[in-house]
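Please read these numbers as outputs of a predicted model, since none were measured by experiment.
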Amino acid sequence: MAASISAKQGLLSSKTSLFHALQGKIISSSSCVQRSAGIQSVRAATSAPADGQRHHEKYCLDLVRSRDYEGFVSSLLLPEKARNSSLALRAFNVELAQVKDSVSQKTIGLMRMQFWKTAIEEIYRDEPPNQPVSAELWKAVRKHNLTKRWLLRIISEREKDLEDRVYRNLQELEAYAENTQSSLLYLLLECLGVKDVHADHTASHIGKAQGIVTCLRATPYHSSRRKVYLPMDVCMLHGVSQEDFIRGSREQNVRDVVYDIASQAHVHLQHARSFSKSVPAAATPAFLQTVVLEDYLQKVRRADFDVFHPSLQSRNPLLPIQLYLRSWKKTY
């Protein structure tokens with residue numbers, strides 16, 4: 001009995017130590033991100049004083065932390081050389097993603113997308129706009145020679161999304177995910193200095209899985225606004241209408257729709273992991289998001305594929321530790 005109690009105490013002590021270690025790493029990493037402006041120099045069109053540079057970095061860090069917490073923690077666990085660039089890319093992604101919900105008219109959304117198209121062209125001419133995300137993105141492009149095509153592809157796909165379209169089938173959802181989430185992962189791989197076909201294939205599948213999971217996670221929010229973006233072919237297969245999701249139905253046929261879509265995300269995750277022995281170790285930090293995807297897919301399975309279950313709306317408090325452990329193991 002005493003030995004059992006001692007073992008439990010030892011386990012608790014070990015978990016506590018791990019938590020403090022992770023907390024220290026995140027705090028240290030966050031501090032490094034904000035202090036790095038004192039080490040790096042910015043020239044040309046963004047030749048703002050040091051205070052301006054720190055403001056730009058802090059703006060990106062705060063934006064990602066508030067709008068993409070999982071991406072924020074994942075970025076802090078990247079090697080230092082890629083950390084600021086990852087935050088800049090994720091801030092760019094957040095800026096584009098929130099356009100659709102932040103404008104009342106499509107025309108305004110199109111104008112904002114045009115701003116970013118112009119900004120990318122100016123960034124590659126070394127004339128970035130004096131805007132925090134643009135300034136940080138310019139630094140990332142110069143530092144890692146990022147491919148312009150991936151950045152423009154993200155913008156173009158987000159611009160199409162302003163049409164408020166419904167995905168006719170899973171393939172259309174996967175194409176959207178490839179052009180947005182996978183493109184972001186290709187850019188993260190470039191920040192890590194990785195050019196490898198197996199890593200690219202892995203990024204493609206993980207990006208598709210992430211796009212599908214994001215669509216599922218957002219279903220309660222979209223339904224509350226009387227919008228449904230789940231693939232129509234899967235809904236029709238099970239005799240489910242948009243109104244069923246808008247009403248928050250938990251009937252079996254609605255769960256069957258969620259099961260089919262979640263299964264496709266799981267398939268992509270398995271495909272991505274099938275390349276694990278061929279993917280360079282340097283690429284694995286870019287794929288930490290698999291922890292988030294796996295966590296959601298497990299939770300939705302435990303909820304019997306009820307996409308409206310309250311447990312799916314709460315943040316996993318152990319997620320930072322799980323991300324840290326995966327980073328430490330250098331696996332995905």
Counting C-beta onward and ignoring hydrogens, is there a side-chain heavy-atom pair between [X] and [Y] closer than 4.5 Å?
X: T284; Y: T331; answer: no
X: S327; Y: L288; answer: yes
X: L77; Y: L323; answer: yes
X: D233; Y: L237; answer: no
X: L230; Y: Y167; answer: no
X: L269; Y: L297; answer: yes
X: D244; Y: R247; answer: yes
X: L89; Y: L137; answer: yes

* Stepwise salt bridge (charged side-chain N to carboxylate O under 4.0 Å, His left out) test for K100 and E163 -> CA-CA 9 Å; K100 185 175 180 178; E163 299 287 346; over 6 Å; no
Has the side chain of [X] got a donor or acceptor atom that lies under 3.5 Å from a matching backbone atom of [Y]?
X: K143; Y: K81; answer: yes
X: Y296; Y: V213; answer: no
X: T290; Y: F287; answer: yes
X: Q289; Y: V292; answer: no
X: S182; Y: S204; answer: yes
X: N179; Y: Y176; answer: no
X: S102; Y: Q98; answer: yes
X: D295; Y: V291; answer: no
X: S274; Y: H271; answer: yes
X: E190; Y: T147; answer: yes

Does [X], at its [atom1] atom, have more than 12 non-hydrogen atoms belonging to other residues, nucleotides or ligands within less than 6.0 Å?
X: K330; atom1: NZ; value: no
X: K299; atom1: NZ; value: yes
X: D101; atom1: CG; value: yes
X: R125; atom1: CZ; value: yes
X: R168; atom1: CZ; value: no
X: R112; atom1: CZ; value: yes
X: Q270; atom1: CD; value: yes
X: H266; atom1: NE2; value: no

So how far is it from [X] [atom1] to [Y] [atom2], rounded to the nearest 0.5 Å?
X: L173; Y: C215; atom1: CG; atom2: SG; value: 5.0 Å
X: R149; Y: L152; atom1: CZ; atom2: CG; value: 10.0 Å
X: E251; Y: D256; atom1: CD; atom2: CG; value: 11.0 Å

* To do: Decide yes or no on side chain to side chain contact (heavy atoms under 4.5 Å, CB included) for K148 and E121, but give the supporting numbers first.
  => CA-CA 9 Å; K148 185 202 292 189; E121 296 297 336; 3.1 Å; yes
State plainly whether the residues [X] and [Y] are in salt-bridge range, i.e. N to O under 4.0 Å.
X: R165; Y: E172; result: no
X: E57; Y: R54; result: no
X: E178; Y: R153; result: yes
X: K106; Y: D164; result: no
X: K117; Y: E122; result: no
X: R158; Y: D161; result: no

* Give the intermediate values and the outcome of side chain to side chain contact (heavy atoms under 4.5 Å, CB included) for residues R255 and V307. => CA-CA 7 Å; R255 295 170 188 252; V307 77; over 6 Å; no
Which atom of [X] lies closest to which atom of [Y], heavy atoms considered:
X: H56; Y: P132; result: CD2-CA, 3.5 Å
X: A82; Y: L192; result: CB-CD2, 3.9 Å
X: I206; Y: L185; result: CG2-CD1, 3.8 Å
X: V99; Y: G109; result: CG1-CA, 3.8 Å
X: L76; Y: R83; result: O-NE, 3.4 Å
X: L189; Y: D200; result: CD1-OD1, 3.7 Å

* To do: Would you please test F72 and L87 for side chain to side chain contact (heavy atoms under 4.5 Å, CB included) and show each step?
  => CA-CA 7 Å; F72 167 72; L87 287 169; 4.2 Å; yes
* Are Y124 and W138 close enough that their ring centres sit under 6.0 Å apart? -> no
* Is the H55 ring parallel, tilted or perpendicular to the Y59 ring (thresholds 30°, 60°)? -> tilted
* In terms of the angle between their ring planes, are W116 and F92 parallel, tilted or perpendicular, with boundaries placed at 30° and 60°? -> perpendicular
Could you check whether [Y] and [X], counting side-chain N and O atoms only, form a donor-acceptor pair closer than 3.5 Å?
X: H268; Y: E174; answer: yes
X: D260; Y: S263; answer: no
X: R65; Y: Y69; answer: no
X: Q181; Y: N93; answer: no
X: E159; Y: Q114; answer: no
X: R90; Y: S74; answer: no

* Start with the C-alpha distance between L187 and L151, add both sets of side-chain angles, then the distance that settles side chain to side chain contact (heavy atoms under 4.5 Å, CB included), and finish with yes or no. => CA-CA 8 Å; L187 290 163; L151 295 166; 3.5 Å; yes
According to a hydrophobic-cluster definition based on side-chain heavy atoms being under 4.5 Å apart (Ile, Leu, Val, Met, Phe, Trp, Tyr only), do [X] and [Y] belong together?
X: V257; Y: M232; result: no
X: W328; Y: L318; result: no
X: F115; Y: L96; result: yes

* Asked: Just one of C191, S75, C60, P285 clears the side-chain contact (heavy atoms from CB on, under 4.5 Å) bar with S86, so which one?
  -> S75
* To do: Check whether NZ of the Lys or CZ of the Arg R326 lies under 6.0 Å from the centre of the six-membered ring of Y332 and within 45 degrees of that ring's axis.
  => no
